[in-house]
Amino acid sequence: MDNYSFLNAAHTAHFAALYDQYLQQPDSVEPSWRAFFQGFDFGLESNGSVPTTETTEVPEQLQKEFRVVKLIDGYRSRGHLFTKTNPVRERRKYSPTLDIENFGLEASDLQTVFNAGEIMGIGPSSLQTIIEHLQRIYCDSIGIEYMYIRNPEKVNWIQQRLNVNDNHPQFSVEQKKHILKKLNEAVSFENFLHTKYVGQKRFSLEGGESLIPALDAVVEAAANQGVEEFVMGMAHRGRLNALTNIFGKSTKDIFSEFDGKDYEEVIFDGDVKYHLGWTSQRITDTGKKINMNIAPNPSHLETVGAVVEGITRAKLENKFNGDTHKVLPIIVHGDAAIAGQGLPYEIVQMAKLKGYGTGGTVHIVVNNQIGFTTNYLDARSSTYCTDVAKVTLSPVLHVNADDVEAVVHATLFALDFRMRFGQDVFIDLLGYRKYGHNEGDEPRFTQPELYKAISRHPNPRDIYAATLLQNGHIQEGYVNELEKQYKSILENDLEDSRKIETTVITPFMEDEWKAFTRVEETEMMKPVSTAVALKDLDRVAKAITKLPEDRKFLRKIDRLVADRSAMYFEKDNLDWAMGELLAYGTLLQEGFNVRMSGQDVERGTFSHRHAVIKTENAEEEVVLLNQIDPNKQGRFRIYNSLLSEYGVLGFDYGYAMASPNTLTLWEAQFGDFSNGAQIMLDQYISSAEDKWKLQNGIVLLLPHGYEGQGAEHSSARMERYLQLCAKDNMFVANCTTPGNMFHLLRRQMKTNYRKPLVVFTPKSLLRHPKAVSPKKDLTQGSFQPVLGDTEVDPKEVKTVVLCSGKFYYDLEQEREKRGRKDVALIRVEQLFPLPIQEIEASMAPYTQATDWVWAQEEPRNMGAWSYLLLQWEAAPKFRPASRRYYGAPAAGSAVRFQRRHQQVIDYVFDPTQDNFIRKVKK
């Protein structure tokens, strides 16, 4: 019997569809068919032949059907390489091409009708017709990458959408006129600024103006699908255009910023005009009210993306119970930045994680084909700047920025995909940059050929207007009238703006911050009531020291929870973890939410927290902090993060920005690693209030302390944070007791203002027998910025030592060992704002003291010493005891570490042990 005889009688359309299914999802095909198609592909790819038997072969017509299916698959997979998407130069050449000869077909087959057309939705069609459809779908102004997606539902949805009108839009005349109107606004705005502010930096959108009608279309369409909030991040290029023509910022304000007017507020430093954020309400064409947010951003490209995702997550949780159809994040990238910066990869990796997902982001790349002066061939190794999208198998649409209808069509496709599947989608808007990196830069120095072509190239509005005029959709003079009307508005706004002497910067997301006020350093120094009634503390303690009886846990967990119960209810000796957890629990009880994320935070790097407990058999997660009063309390959310500092801290900062009533914490695995997020620290955390009027209550927990673990596990680089401190921009603390940590964390939520808080947290103190607090320390008083010495008689004291953090316990142990009753140890718990009055009040009783010491375990060029010299007039009278100057924070050798550590301690108690001075002189 012939192995393939059954193929003669069957309908070829069925086999063509089956082969198409095999090419896309091989495992979905029945095994015997899969084996057959594998043999067919092998033969076709080896020498163009197909499987045969001694007596028969696959029918010729069926062989060609399979080859046509293979051709269709080729267009789907590689059509994006052969598109008309570059408006100003020829595309690179790729091989093999999509010529029919490469698929075993010939010119003589062009008029043959193939049933394979049915899988494209066009029915049996000639090869010529099939190719024409494929060219229109995959190789015109839009190229799409999607065949790497492994989900058949997503692939089928994409293909069905592409098959509608051959992936070409069918806009009504009114829609076309609206697109032209938005395109005119984009072009005219840039032209106006170019003539009125000659040579001023504005980072114009010229060459990518179709972004504006695309964003406009997304806003309108998304609102119709139920979106109520938009959160957008974008860099400087085109930002002013988007602020005006999408977000509704008054051009009067923008002109005032161009005129360089001073700000009304003395305490506000402000920023350049293309970094400022904006929040507004917009009424859509269908009457829907939507909230529009464009986050402020620094010049550090891509940084704002992480912030946008955090803001979006906060809005989803705070306002919409996690409904991702209500908030849409949009990130606008540059081609050089998305390819060259590492942060987009971190953001993409966050997209599907439980602690960071936002239901999908629409990523739009304004592709200038150049980065400052660097050609794209020197800017990446990947084929496309958007290849990071493939990490999460997200579709990418490459679009010719000159074809505005294709741009709008692709953007609406992207929106629908995101809303349908809750996944990222990328648009590569391929255009050009009309001028240099800024308007004063000369691009012909480095790209003379490209800029010769650009200088002759018409703008997208004029291209589109010519098409509409040719098709009879508009009349001669229509665009001139649009431009005249729009520029008249701009002229009036410019005239009005010049009657105003100062400019006002509107705070970003003002609605979220109505109940809060901006304060200066004097207000930050005032005590805040953070004590908790004993009955409330008891209630929290009961909840976090009792495991569910119907679940089985590891014996170590049973013992841990029992120990916590004993330390609270029997011993009245609370360790660091209990102090921390009780702070969270009492805030939750008062209605605040708590969010913590970072590497290994659920258990804690040093196995102290155990905020998430897992059952032994099923790894079911139990969060005791959510069991205090489930129907009334706030929500405790804690997430182990991906192995990232920059992206995760950026996300959590954004979350805190949109959640002033949530205690938002980010913990570094070791404080040493926080410099991986240095850009967030410099550009946002330390400076955002001065630049953009942004308050933020983010808390950074940075494990810090010298315990012989080497250069990368000892220092959170305290000196760098203290160098960033100025006026009223943040709190910095280095606590020594669980009780003080309790009050410090609660203070973050109990004020009517928000400031970032940096805490250098302990490692060895987590289990230190003396680093404990009784309950009364939590039920009385407030945070103590300075802890005086209650163990000595002030009249006997000759040496007063100031120190901070864990080093206090090392010194206390040495004092006890030496029996030195003449040495007082004062702990500076808050380093910024520096509590000078409290420090001096703690020093005042020691009238007989003649030796004043500042002691730190860090090297002299690190730690707090140099900061104290700048901040405190009395600091020079202190004898600094520290390690010598070093490039690395600590030694790798345990023996060397211990020797150096002891030398510092010895010098604290004996000024003749001048090892530091002697070695420095040498």
Side-chain angles (χ1 to χ4, degrees), residues 85-92 141 183 185-195 197-215 234-245 272-275 297 299-302 331-341 363-380 384-386 398-404 407 426-464:
T85 49
N86 198 319
V88 288
R89 56 183 169 192
E90 289 293 315
R91 289 205 60 182
R92 285 184 281 178
S141 291
L183 196 53
E185 290 173 1
V187 171
S188 299
F189 178 77
E190 298 293 356
N191 289 342
F192 187 84
L193 292 179
H194 193 65
T195 56
Y197 297 98
V198 178
Q200 274 210 45
K201 285 184 184 179
R202 69 179 192 278
F203 298 101
S204 83
L205 190 57
E206 288 163 278
E209 295 99 329
S210 51
L211 173 70
I212 298 303
L215 290 174
M234 70 181 297
H236 39 280
R237 186 156 313 285
R239 186 184 185 89
L240 298 178
N241 209 314
L243 278 167
T244 295
N245 292 313
V272 291
K273 50 195 168 289
Y274 38 80
H275 287 172
N297 69 284
S299 284
H300 296 63
L301 299 174
E302 301 296 336
I331 302 177
V332 180
H333 308 265
D335 53 310
I338 193 173
Q341 294 288 314
H363 296 267
I364 304 176
V365 180
V366 178
N367 190 339
N368 301 313
Q369 308 185 58
I370 190 172
F372 206 142
T373 67
T374 303
N375 282 314
Y376 72 96
L377 290 173
D378 296 320
R380 62 180 185 266
Y384 295 114
C385 62
T386 51
H398 306 277
V399 197
N400 188 324
D402 272 359
D403 188 342
V404 66
V407 173
F426 288 71
I427 296 169
D428 178 14
L429 188 62
L430 203 72
Y432 55 92
R433 187 188 68 195
K434 185 173 181 180
Y435 304 106
H437 176 67
N438 60 65
E439 285 64 35
D441 195 52
E442 176 52 82
R444 289 176 296 179
F445 287 149
T446 50
Q447 282 82 24
E449 189 175 351
L450 173 63
Y451 273 87
K452 191 180 294 181
I454 289 173
S455 66
R456 298 191 298 264
H457 197 75
N459 67 57
R461 180 199 64 187
D462 292 348
I463 292 171
Y464 188 47

**Student:** Ignoring hydrogens, what is the shortest heavy-atom contact between Asn400 and Pro87? Give both atom names and the distance.
**Tutor:** OD1-CB, 3.5 Å
**Student:** With a 4.5 Å limit on heavy-atom distance, are the side chains of Val366 and Met234 in contact?
**Tutor:** no
**Student:** So which heavy atom on Gly208 is nearest to which on Leu429, and how close?
**Tutor:** O-CD2, 4.3 Å
**Student:** Between Tyr435 (side chain) and Phe203 (backbone), is there a donor-acceptor pair under 3.5 Å?
**Tutor:** no
**Student:** Any luck finding a side-chain donor-acceptor pair between Arg239 and His275 under 3.5 Å?
**Tutor:** no
**Student:** I'd like to know if the side chain of Asn375 pairs up with that of Asp378 as donor and acceptor (distance under 3.5 Å, no hydrogens or angles considered).
**Tutor:** no
**Student:** Give the minimum heavy-atom separation between Pro213 and Leu183, together with the two atoms involved.
**Tutor:** CG-CD1, 4.1 Å
**Student:** Between Ala235 and Leu301, which heavy-atom pair has the shortest distance, and what is it?
**Tutor:** CB-CD2, 3.5 Å
**Student:** Could you tell me if the side chain of Ile212 sits less than 4.5 Å from the side chain of Phe189, heavy atoms only?
**Tutor:** no
**Student:** If we check side chain to side chain donor-acceptor pair (under 3.5 Å) with His194, which of these qualifies: Glu206, Lys434, Gln200, Arg202?
**Tutor:** Arg202
**Student:** Can you label the angle between the His457 ring and the Tyr432 ring as parallel, tilted or perpendicular, going by 30° and 60°?
**Tutor:** perpendicular
**Student:** To check you understand the geometry: which heavy-atom pair defines the closest contact between Ser204 and Glu190, and what is its length?
**Tutor:** CB-OE1, 3.1 Å
**Student:** Applying side-chain contact (heavy atoms from CB on, under 4.5 Å) to Leu215 and Ile364, what does each step give before you reach the verdict?
**Tutor:** CA-CA 10 Å; Leu215 290 174; Ile364 304 176; 3.9 Å; yes
**Student:** Can you tell whether the side chains of Glu449 and Arg89 come within less than 4.0 Å, N to carboxylate O?
**Tutor:** no
**Student:** Are Leu211 and Asn241 packed together at the side-chain level, in the sense that at least one heavy-atom pair is separated by less than 4.5 angstrom?
**Tutor:** no
**Student:** Looking only at heavy atoms, which two atoms of Ala379 and Ala339 are closest? And how far apart?
**Tutor:** O-CB, 4.3 Å
**Student:** Keeping the roles fixed (side chain from Thr195, backbone from Phe192), state whether a donor-acceptor pair exists under 3.5 Å.
**Tutor:** yes
**Student:** As a quick check of understanding, evaluate side-chain contact (heavy atoms from CB on, under 4.5 Å) for His398 and Asn367, giving each step before the final call.
**Tutor:** CA-CA 10 Å; His398 306 277; Asn367 190 339; over 6 Å; no
**Student:** Would you confirm whether Glu209, through its side chain, and Pro460, through its main-chain N or O, come within 3.5 Å as a donor-acceptor pair?
**Tutor:** no
**Student:** Short question: side chain of Arg433, backbone of Phe372 - any donor-acceptor pair under 3.5 Å?
**Tutor:** yes
**Student:** Using modelled atom types only, decide if a donor and an acceptor are shared between the side chain of Asp335 and the backbone of Ile370 within a distance under 3.5 Å.
**Tutor:** yes
**Student:** Do Asp403 and Val399 have side-chain heavy atoms sitting under 4.5 Å apart?
**Tutor:** no
**Student:** Taking atom types as modelled and ignoring hydrogens, do the side chains of Asn86 and Gln369 form a donor-acceptor contact shorter than 3.5 angstrom?
**Tutor:** yes
